[in-house]
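Written out below as structure tokens is the structure these notes cover.
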Amino acid sequence: MPAEVIANNASVGSLSESFLDRALKIYVAGAADPVFDPEQARDGLAYAQRAVDKGARVLLRLFATPASFNAGLRRVCEGAVSRAVGSALPSNACRWHRCGEVETCRSPNLTIQVCFIVPERRQREAGCRADVLFVRQLGDAVRLRAFMHPGTRVRVTGEAPKLEGSEAQLQVFTKAGEREYTPNFTSKIPSTPVAGSLVACGAGAVKDVLVVGAGMAGAFAAHSLKLRGFRLSVVDAGAVPASGASALYAALAHPHWEAVDTSGFRLTAAGTMRLAELLEAHPECVHASGLLDLAIDEEEERHFRQAALSVAKVGAKGGHHPYVPEFLEADAASRTAGTRVRFGGWWYAEGRLVNAGSLVRTLLKGIASPVLTNMPVRLRREEGVWLAFNRAGVVVAKAQAVVAAAGLASGALFGDEADDYGISPLYGRISILRSCDCRTLAAPVTGRGYAARTADGYVGVGATYERACEPVLSVKEAHAHNLAILPRLFEGADACVPCGFYEGVRAVAADRMPIAGPMVDMPALRALDANRTEAAQVPLLPQAWGLFALGSRGLSWGLMLAEVLAARMAGEPAPIVHSLEESLSPARHALRRRRAKTR
């Protein structure tokens, strides 16, 4: 959809109607560092503000370095987001959320993303093309051609270029207004985002959504969609919301640290911080704030210590690491834990011990929409609407779009098998100890297993990882496995006695990464040669999305994944880099599994 000219207020009126179904994307970028100066960024902000004032939804992306995006510019961005909601927000309302190299601050109509991506990766990681591109010089636009589609408008903020008399430049750009140009070299580029599947899925085109699954994934998805104005209904096969693995009374949420900036670390760090913010409004769902991730031997402790020093050196040189926890030596960790631990480890201040079941039910209550339980369904699309049929073949719910958040059963909703996405069950049991056990434990501790104690006397340790839908270990073996975790973490736990279990089935993908994105048309995929098909060519179901295979990290990365899903369903670019989004794609998982089956 071509962008309208927004050079002055008179031209913005038609723009507001053009972008009701998806966000107007405005990029401020340069071909090399320094990426932009403050005035260039302010020009982009003013441009975005005029569009918002006329009713458009706008994404403004600033491609920056940590040095170029200073505190003053950050405050200007926060002011723009505050104005976009029509009133001054509290000082803590304009929050920045970071996932790897992307930092986001948003309101319903204006989203600002700052991308700390090195120049050689910017165009590959953008994920979608700009409707308006701000550059310092017109020559930069030529080098940024991968940011453009045929309707892109290029706005030049530096010295006005002189196209007249330059036949070569006239072949590249056409003047469209004062300091504004359109490219002539993009005729073969589609005007849709790079991930053309968004159009195939009807992203941004609907407002009625059916969420199938009332566990953690479904609750997070419903919450994020509600914030974007979607009308929701929820169905679940369980007797009550959070009736499966999401029912856990005391569950951990924390980053899964890696010295290298891995996909899993980015998602769990960003998800944990977002969850901590969400839980500020729901303190009744939080047992404890802060969490210790302990090394299990001297070698791992040394590795943690060296990683902490390395991150400190990066910061001293003006660089950045997406998340920097505090390393505690064994003595300091012992004081924090309230008991003598064997080794030092990471202290995650944003980590939480959460009543997962209570949080799920609280979020679903907050969407103020119907939640139909004890209702297994199958989905079928008829005349542009998704219908949910119960076992008797009666339609119990319908919507223009659907989100499959039913764990192992997500594929079966569409007649597919869990194995079509490479999903397998992982049965887990947590041993519940006596209230007099681990009495001095003052903070949750983890490290190849975890132990936690709540103020009301609940003590849990675990967990088992049994590769099946049913228990594999005997009761005695499962308790023995869990109790063996305690002496690896701290001293004085020899006399603990288990009394029972919390248990449930987790859904996990082959690479342990979660799945979030447009669902695959499996019959159509089977008709293709998987070895000659790329992920971008995988056929997709219209207006069908999935969020599942969260494994044992549902609390840690679930909210971040829901934000990615909701942004895409609203026609917005995801708040993560393109390569990370691709790693979550159902298409990638399904294609990889299909290739494995045809070998």
Any chance [atom1] of [X] has more than 12 other-residue heavy atoms, nucleotides or ligands included, within less than 6.0 Å?
| X | atom1 | result |
| --- | --- | --- |
| E284 | CD | yes |
| R448 | CZ | no |
| K365 | NZ | no |
| K226 | NZ | yes |
| E417 | CD | no |

From [atom1] ([X]) to [atom2] ([Y]), nearest 0.5 Å:
| X | Y | atom1 | atom2 | result |
| --- | --- | --- | --- | --- |
| L528 | T598 | CG | OG1 | 11.5 Å |
| S224 | I367 | OG | CD1 | 11.5 Å |
| S552 | L248 | OG | CG | 11.0 Å |
| L565 | E581 | CG | CD | 10.0 Å |
| Q400 | R381 | CD | CZ | 9.0 Å |
| W557 | S263 | CH2 | OG | 9.5 Å |

Exercise for the section: Apply side chain to side chain contact (heavy atoms under 4.5 Å, CB included) to S410 and list each qualifying residue two or more places apart in sequence or on a separate chain. Expected result: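 Residues passing side chain to side chain contact (heavy atoms under 4.5 Å, CB included) with S410: A404, A406, F548.
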
Handout entry: side chain to side chain contact (heavy atoms under 4.5 Å, CB included) partners for A524, two or more places apart
Key =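 For A524 the side chain to side chain contact (heavy atoms under 4.5 Å, CB included) partners, ignoring immediate neighbours, are D521, P539.
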
Exercise for the section: For side chain to side chain contact (heavy atoms under 4.5 Å, CB included), just list the numbers for V385 and K398, CA-CA rounded to whole Å, side-chain angles, deciding distance to a tenth of an Å, and then say yes or no. Expected result: CA-CA 7 Å; V385 176; K398 59 183 179 179; 3.9 Å; yes

Problem - Step-by-step side chain to side chain contact (heavy atoms under 4.5 Å, CB included) determination, V206 to D208 - result: CA-CA 6 Å; V206 300; D208 292 302; 6.0 Å; no

Look at the side chain of [X] and the backbone N and O of [Y], then say whether any donor-acceptor pair between them is shorter than 3.5 Å.
| X | Y | value |
| --- | --- | --- |
| D419 | G422 | no |
| S246 | M216 | yes |
| T272 | A269 | no |
| E466 | V472 | yes |
| R595 | T533 | yes |

Testing the 3.5 Å rule here: is there a donor-acceptor pair between the side chains of [X] and [Y]?
| X | Y | value |
| --- | --- | --- |
| H149 | D131 | yes |
| H479 | S431 | yes |
| Y427 | E503 | yes |

Practice task
Determine, stepwise, if the pair T111 / L60 fulfils side chain to side chain contact (heavy atoms under 4.5 Å, CB included).
Solution key: CA-CA 6 Å; T111 299; L60 176 65; over 6 Å; no

Practice task
With salt bridge (charged side-chain N to carboxylate O under 4.0 Å, His left out) as the test, would you mind laying out the steps for R593 and D420 before giving the verdict?
Solution key: CA-CA 6 Å; R593 186 59 185 155; D420 287 333; over 6 Å; no

Handout entry: Counterpart residues, side-chain hydrogen bond (donor to acceptor under 3.5 Å, both in side chains), relative to D456 (two or more places apart)
Key =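 Checked D456 against side-chain hydrogen bond (donor to acceptor under 3.5 Å, both in side chains); matches are Y249, T454.
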
Problem - Pairing residues for D293 by the side-chain hydrogen bond (donor to acceptor under 3.5 Å, both in side chains) criterion, not counting sequence neighbours - result: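 For D293, the residues satisfying side-chain hydrogen bond (donor to acceptor under 3.5 Å, both in side chains) (neighbours in sequence not counted) are Y348.
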
Do [X] and [Y] have side chains that get closer than 4.5 Å, going by heavy atoms?
| X | Y | result |
| --- | --- | --- |
| R266 | I576 | no |
| H578 | P573 | no |
| L210 | W386 | no |
| V402 | L413 | no |
| Y421 | V520 | yes |
| P241 | V234 | no |
| H282 | L363 | yes |
| F230 | M569 | yes |

How far apart are the closest heavy atoms of [X] and [Y], and which atoms are they?
| X | Y | answer |
| --- | --- | --- |
| A570 | R57 | O-NH2, 2.7 Å |
| V508 | G551 | CG1-CA, 3.6 Å |
| A574 | Q113 | O-NE2, 3.4 Å |
| A253 | L291 | O-CD1, 4.4 Å |
| T464 | R429 | OG1-N, 2.9 Å |
| W347 | A443 | CZ3-CB, 4.3 Å |

Exercise for the section: Just grab all the salt bridge (Lys or Arg N to Asp or Glu O under 4.0 Å) pairs involving residues 382-391, residues at least two apart or on different chains. Expected result: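 Non-adjacent pairs meeting salt bridge (Lys or Arg N to Asp or Glu O under 4.0 Å): R380-E382.
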
Practice task
Sort and list the pairs that fulfil salt bridge (Lys or Arg N to Asp or Glu O under 4.0 Å) and have at least one residue in residues 542-563, not counting sequence neighbours.
Solution key: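 Those involving residues 542-563 are R228-E563, R274-E563.
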
Handout entry: Test side chain to side chain contact (heavy atoms under 4.5 Å, CB included) applied to L359 and L275, step by step
Key = CA-CA 11 Å; L359 177 62; L275 181 66; 4.0 Å; yes

Problem - Salt-bridge present (E280, R95; N to O < 4.0 Å) - result: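 Judged by the 4.0 Å cut-off on N to carboxylate O distance, E280 and R95 do form a salt bridge.
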
Practice task
Determine, using ring centers only, whether H254 and H256 are less than 6.0 Å apart.
Solution key: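 Aromatic pair counts; centres sit under 6.0 Å.
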
